[in-house]
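Residue numbers run from 1 in the order of the sequence given.
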Amino acid sequence: MQELRVALLNASYNDDATRRNFERDVAADVRSFAANEGDLPDGYEYDAVIVSGSGASVYGDEPWIPPLLEWVDGAIDRNLPMLGVCFGHQLLAHALGGEVRDMGEYELGYREIERVGDSELLSGLSERFLAFTTHSDEVVQLPPGAESIAENDYSIQGFRAGRVFGVQFHPEYDRDTAELVTRGKDLPEERIRAVFDGITAANVDLATDAKGLFDNFLEFAARFDRGESERERERGSTVR
């Protein structure tokens with residue numbers, strides 16, 4: 001099978017780490033675009049799209065967010081398979097009509113996530129699995145027609161709407177990234193130490209299971225060629 005072409009819309013302010021992690025974990029021809037610098041693909045000639053995490057808020061006033069949303073809307077209209085991670089999860093939910101709000105606190109560190117239903121994105125993962133989380137915004141209302149696929153006691157941790165998936169947690173994080181992101185948080189030192197105490201070899205190893213969702217996403221995307229997407233678009237069929 002020909003290697004899938006995946007557009008990575010990198011909204012992270014840790015650009016190098018984010019690009020490295022996704023290029024390592026996504027077994028495809030990944031083309032990275034610095035979305036937070038206004039760099040977006042010229043068109044939609046990709047088999048799938050991934051939107052990364054970011055230190056920004058979907059509802060913020062950063063000038064690069066409206067063009068990113070416009071490009072994402074175009075990808076949704078063309079029925080491209082899409083996966084959003086953390087900020088990307090929130091952005092895709094927002095683009096589809098969901099609601100994102102400030103949590104008033106941080107979820108940070110390795111946390112247990114519970115699967116909801118039987119989503120193919122999370123196929124092969126335990127009913128409860130470990131993943132690294134770092135966010136202070138959350139999806140409080142899913143888009144119309146979307147279904148929750150993962151949750152924990154903080155927030156919705158995953159959803160699906162047609163060919164669009166979002167996960168609030170970070171399956172792509174390795175130990176270095178978890179430590180880098182934690183170190184950069186403006187939080188009390190006691191909280192930072194507690195998170196570092198949880199960044200253990202055992203937890204890092206357990207969390208690698210979540211990386212399997214990238215293979216699941218690529219298998220999902222491989223079922224749809226661009227020709228089919230164009231035909232569906234012509235018939236007016238979208239994930240909206």
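- Counting non-hydrogen atoms of neighbouring residues, nucleotides and ligands closer than 6.0 angstrom, the CG atom of D197 exceeds 12 such neighbours.
- In the displayed structure, E70 atom CD is contacted under 6.0 Å by at most 12 heavy atoms of other residues, nucleotides or ligands.
- A donor atom on one side chain and an acceptor atom on the other are not found under 3.5 Å apart for Q90 and E138.
- Among L121, V85, D25, the one residue that satisfies the side chain to side chain contact (heavy atoms under 4.5 Å, CB included) test with L213 is L121.
- In this structure, N21 contributes its side chain and A17 its backbone to a donor-acceptor pair below 3.5 Å.
- Heavy-atom contacts from other residues, nucleotides or ligands closer than 6.0 Å to CG of D42 number 12 or fewer.
- Taking the six-membered ring where the residue is Trp, Y44 and W71 present parallel rings, their angle staying beneath 30° rather than reaching 60°.
- Using a 4.0 Å cut-off between charged nitrogen and carboxylate oxygen, E114 and R128 count as a salt-bridge pair.
- A side-chain donor-acceptor contact under 3.5 Å links D174 and T177.
- Between F159 and H89, the ring-plane angle classifies as tilted under the 30° and 60° cut-offs.
- Summarising the local packing, CD of E189 is surrounded by more than 12 heavy atoms from other residues, nucleotides or ligands at distances under 6.0 Å.
- A salt bridge does not link R191 to E105: none of the charged side-chain nitrogens sits closer than 4.0 Å to a carboxylate oxygen.
- Counted by atom type alone, S57 and D137 present one or more donor-acceptor pairs between their side chains at under 3.5 Å.
- Both the sub-6.0 Å distance and the 45° axial angle are satisfied by R163 relative to the ring of F224.
- Residues S54 and Y13 are in side-chain contact: their nearest non-hydrogen atoms beyond the backbone lie under 4.5 Å apart.
- I149 contributes atom CD1, which lies 11.0 Å from atom CD1 of I156 (distance to the nearest 0.5 angstrom).
- Within a 6.0 Å sphere centred on CZ of R101, other residues, nucleotides and ligands contribute 12 heavy atoms or fewer.
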